[in-house]
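Remarks on the structure that follows.
Basis for what follows: all heavy atoms, side chains included, without hydrogens, waters or symmetry-related copies.
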Amino acid sequence: MELKQCEKCYTDVCVNGKWFHHDHLTTSAYMLNGGSPEMVELAKMPTTETELIDMLTSTF
């Protein structure tokens, strides 16, 4: 699925049992863990949900 090119949009995805939040039009994501979030810097801005999941999977 294409990610909307809108700074007000975001996507939450589950990767290997961990939930991540990604604000569209950025190159970062963070793990939703109920405490202080663990930030992840992505190699580039993802344009699809599959691309986002692939980048997060390679990190975790």
Looking at [atom1] of [X] and [atom2] of [Y], how far apart are the two atoms once the value is rounded to the nearest 0.5 Å?
| X | Y | atom1 | atom2 | answer |
| --- | --- | --- | --- | --- |
| T11 | K4 | OG1 | NZ | 10.0 Å |
| T50 | E2 | OG1 | CD | 10.5 Å |
| M1 | T48 | CE | OG1 | 9.5 Å |

Measure centre to centre between the rings of H22 and Y10, then say whether the value is under 6.0 Å.
no
Should the heavy atoms of other residues, nucleotides or ligands under 6.0 Å from CD of E7 be counted, would the total exceed 12?
no
Shortest non-hydrogen contact from P46 to M55?
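What the structure gives for the nearest pair is CB-CE, 3.4 Å.
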Are M39 and L42 joined in one hydrophobic group, where the rule is that I, L, V, M, F, W and Y side chains link up if heavy atoms are under 4.5 Å apart?
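Different hydrophobic clusters.
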Quick check: is M31 connected to V13 through a chain of hydrophobic side chains (ILVMFWY, heavy atoms under 4.5 Å apart)?
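Looking at the clustering, M31 is in the same group as V13.
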Hydrophobic cluster mates of L25, side-chain heavy atoms under 4.5 angstrom, ILVMFWY only, any path?
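Reading the cluster by chain and number, L25 sits alongside M45.
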What do the steps show when you test H21 against D23 for side chain to side chain contact (heavy atoms under 4.5 Å, CB included), and what is the final call?
CA-CA 7 Å; H21 175 91; D23 291 315; 2.8 Å; yes
Residues two or more places apart in sequence or in another chain: which of them pass salt bridge (Lys or Arg N to Asp or Glu O under 4.0 Å) with E49?
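Applying salt bridge (Lys or Arg N to Asp or Glu O under 4.0 Å) to E49 gives none.
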What pairs with K8 under salt bridge (Lys or Arg N to Asp or Glu O under 4.0 Å), at least two apart in sequence or on another chain?
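Result, salt bridge (Lys or Arg N to Asp or Glu O under 4.0 Å) vs K8: none returned.
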Please assess H24 against C6 for the test side chain to side chain contact (heavy atoms under 4.5 Å, CB included), listing each intermediate value before the final yes or no.
CA-CA 6 Å; H24 294 194; C6 177; 5.8 Å; no
For Q5 and L3, indicate whether the former's side chain and the latter's backbone hold a donor-acceptor pair under 3.5 Å.
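Checking the backbone N and O of L3 against the side chain of Q5, a donor-acceptor pair under 3.5 Å is found.
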How far apart are the C-alpha atoms of F20 and D12, what are their side-chain angles, what is the distance that settles it, and do they pass the side chain to side chain contact (heavy atoms under 4.5 Å, CB included) test?
CA-CA 5 Å; F20 292 88; D12 291 334; over 6 Å; no
